[in-house]
Amino acid sequence: MNILIVDDDQVDRESIKRSLKRPDYSSQVQEVESVDAALAIIKHQHFDVILLDYNLPQRNGIELLLELQGDSTIDNTAIIMMSSNEEDELALECIRAGAQDFLTKTEISAFRLTRAIINARTRSEMEQQLFKSYTKTKELAEKDSLTGLANRYFFDESLKLDIANNIRTNELIALLLIDLDHFKFVNDNYGHDIGDQLLINVVNRIQSCLRGSELFSRLGGDEFAITITNLQSASDASHVAKRIIAIFDEPFEIGDLSIKSSVSIGISVHPKDATGAKELFKYADIAMYRAKKLGRGQFCFFESSLQQQFFSEYQLETDLRIATENNDFSLNYQPVLDGITKNLVGVEALIRWNNDGTMVGPDTFIPIAEKTLLILDIGKWVITEAISQLAEWNKHLSTPISMAINLSAVQLKDLSLLEHINTCLSNYRVDANLITFELTETALLIDSEQSTHTIEKISEVGCKIALDDFGTGFSSLSHLIQYPLNIIKIDKSLMPSVSDEKKVKHILIGLVSMVKSLGHELVAEGIEQESDLELCTSLAIDKLQGYYFDKPLTANQLKDKYLS
Ligand code: C2E
Ligand code: MG
Ligand code: MG
């Protein structure tokens, strides 16, 4: 064992050495007479134990202790303080300064010294362990285990601190919220291990375009944040955002896979946008949401107009929730006429929402209903209402009319949809082939097993399936073959009154002949003008719908005009 005695009194040193010789462990003892000499020797040599006198010339023992605090060279060294002074207060002061034990010089004996050394070493080891586990716990609490970045807790705390320090300066802090686009797709399709690898690769690339003074953190999942402090102008943050977006141009090579990814970034700036950390986060989030909406792989600064828009969308969502609970909707019915006789052969049910006196169009609220899944309840209400209305009308008609109901892609994933349709058909005794469900190509594009299964089952029940808005989306031939489609509805944008371009007319003629050759029934929607009607008639389109004949009508208006 290596022992260092720090004592300026030669008599005391000799007495200590004598005591150390007696016990049966071998020890290498060295001695110095001052704090400075001790510091010099400790720098180059490791000691297991330091026996340190309190009373030393120039600087006392406590000063040595204080100087050694936090010094890793004494990590495994036990320090025992000695003094001729018997005051408890001094003993305590020494322990507080970092000594593991305290002995008065009068009590030094071979036995006491040995025991003190053993105690002090044990205590020192325990302190080391405690420190290690403290460091580990702190790391766990502040670091993200997958990427090694700061975690949300640490990031929040640092941002608050940065804001507090920024208050008296004219500088800016930018908060960048970064979200990986379509990360769920990677996880779902390649598994979580590949997802994790992608996150690590993403972090490495982002790190390569930072200077090192920024705080880069993983907030959770595929969400990251960066704070950039001491900015002179907000546009400096956009340079960083542009650099980050650019590094996603190259795909990520993970194992045999080549994964193309992108990020959306929202930026808020302190103190321009907000003075508190919480608001700054909220606004960066709104900006990120906007960036995603703009088409992903983009960045967006927060603007107060964004906040306005966000709040009004949020308000609409809240209102829609209440409307769904109360079934505050109504259906309008647009006549569908036979192409030759121009007689009414059916109607299309179109939902209407009167939100406290303001009519909100389906194009505005259906996307919100889909995002919030409220469409599942709303859609079921539409089906019940439309089928019961059709039953009521057909009771009095010799030739029954048909009903077209729009279905959203989200509804196709609803396992209870089919049962609901069957229940309505049997409750109102409506023949299934009088009901057409209209789907857009986007719904067919999802191509999930569940969606395909639902379409097939609806078709097996006897209901018809129509492809809505044909000619606006992908207009893919494979959809016409892959799904059990009965009817194709040509979109209004292909009508000559909307676009008098020759090319569009030729597209329409081509589409009509293609669809006819496949044996599907054709419906033209959006007939507004005489010219539209003429073209559709010349192309022998089976059924016609549009403002030229009628706008969507209330149930009573339709009954009065067509069914009485
Ligand atoms: P859609 O299924 O293609 O319905 C036709 C839309 O075109 C209707 O708009 C209708 O009012 C409008 N329209 C009809 N004739 C003409 C015309 O001659 N000229 C013009 N410019 N427009 C015409 P609306 O009622 O605003 O509905 C918009 C869309 O909202 C619908 O497009 C449909 O995709 C969706 N939607 C409506 N009701 C429901 C519903 O109950 N469930 C679901 N999932 N979606 C619905
Ligand atoms: Mg439709
Ligand atoms: Mg349509």
Side-chain angles (χ1 to χ4, degrees), residues 320 323-324 327-337 346-354 359-387 389-390 402-414 417 420-421 424 435-444 446 451 454 458 464-473 475 485-499 522-533 535-536 541 543-554 557-558:
L320 190 62
T324 308
N327 289 334
D328 276 344
F329 304 103
S330 58
L331 288 184
N332 275 3
Y333 302 92
Q334 189 175 29
V336 178
L337 311 181
V347 293
E348 176 178 4
L350 294 159
I351 192 163
R352 298 290 176 260
W353 174 28
N354 183 339
M359 289 308 290
V360 188
D363 285 332
T364 306
F365 75 84
I366 296 281
I368 300 174
E370 288 175 337
K371 199 180 78 196
T372 52
L373 297 186
L374 289 169
I375 191 71
L376 299 183
D377 287 338
I378 298 174
K380 279 184 182 153
W381 176 86
V382 171
I383 293 170
T384 316
E385 182 70 16
I387 293 183
Q389 181 61 70
L390 185 72
S402 62
M403 173 71 72
I405 300 170
N406 291 285
L407 272 190
S408 142
V410 184
Q411 286 176 274
L412 295 178
K413 292 194 178 155
D414 180 0
L417 179 74
H420 181 79
I421 293 172
C424 290
I435 304 295
T436 300
F437 286 103
E438 297 192 355
L439 294 166
T440 59
E441 261 193 317
T442 336
L444 302 186
I446 291 175
S451 305
T454 310
I458 292 178
K464 291 182 182 151
I465 308 283
L467 181 56
D468 207 349
D469 305 345
F470 193 67
T472 51
S475 305
L485 302 173
N486 308 95
I487 300 164
I488 308 296
K489 290 188 85 168
I490 299 171
D491 192 68
K492 45 188 172 284
S493 59
L494 294 179
M495 287 301 126
S497 64
V498 178
S499 168
L522 267 168
V523 179
E525 59 176 356
I527 297 187
E528 287 189 8
Q529 309 282 334
E530 193 72 46
S531 57
D532 302 335
L533 179 61
L535 184 61
C536 291
I541 288 176
K543 288 174 183 168
L544 311 167
Q545 180 182 347
Y547 294 168
Y548 179 79
F549 305 107
D550 252 315
K551 291 204 167 186
L553 307 170
T554 64
Q557 287 169 336
L558 190 110

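One-based numbering, in listed order, for ligands and for the atoms of each. Side-chain atoms are counted along with the backbone in the values below, which use heavy atoms only and exclude waters and symmetry mates. The residues of the chain are indexed from 1 along the displayed sequence.
- Of the charged side-chain nitrogens involved, at least one lies within less than 4.0 Å of a carboxylate oxygen, so that Lys489 and Glu348 count as a salt-bridged pair.
- To the nearest 0.5 Å, atom CD1 of residue Ile487 and atom CG of residue Leu522 are 10.0 Å apart.
- Between the CG atom of Leu412 and the CD1 atom of Ile458 there is a distance of 6.5 Å, given to the nearest 0.5 Å.
- Ion pairing between a basic and an acidic side chain is recognised when a charged N comes within 4.0 Å of a carboxylate O; Asp414 and Lys380 show such pairing.
- Listed by chain and number, residues touching ligand 1 at under 4.0 Å (heavy atoms only) are Gln334, Glu348, Leu350, Ile351, Arg352, Pro362, Asp363, Ile366, Val382, Asn406, Leu407, Ser408, Glu438, Asp468, Asp469, Lys492, Glu525, Gly526, Ile527, Glu528, Gly546, Tyr547, Pro552.
- The distance from the SG atom of Cys424 to the CD1 atom of Ile435 is 9.0 Å, given to the nearest 0.5 Å.
- For the salt bridge (Lys or Arg N to Asp or Glu O under 4.0 Å) test, no residue two or more places apart in sequence or in another chain qualifies with Lys413.
- Note on the Mg ion (ligand 2): protein N/O/S atoms under 2.8 Å are Glu348 OE2, Asn406 OD1, Glu438 OE1, Asp468 OD2.
- Judged as a salt bridge (charged side-chain N to carboxylate O under 4.0 Å, His left out), not a single pair has a partner in residues 359-375 (not counting sequence neighbours).
- Closest of all the heavy-atom pairs between Ile375 and Ser408 is CG1-CB, 3.9 Å.
- In this pair, Trp381 and Phe329 present their aromatic rings tilted. The plane angle is within the 30 to 60° band.
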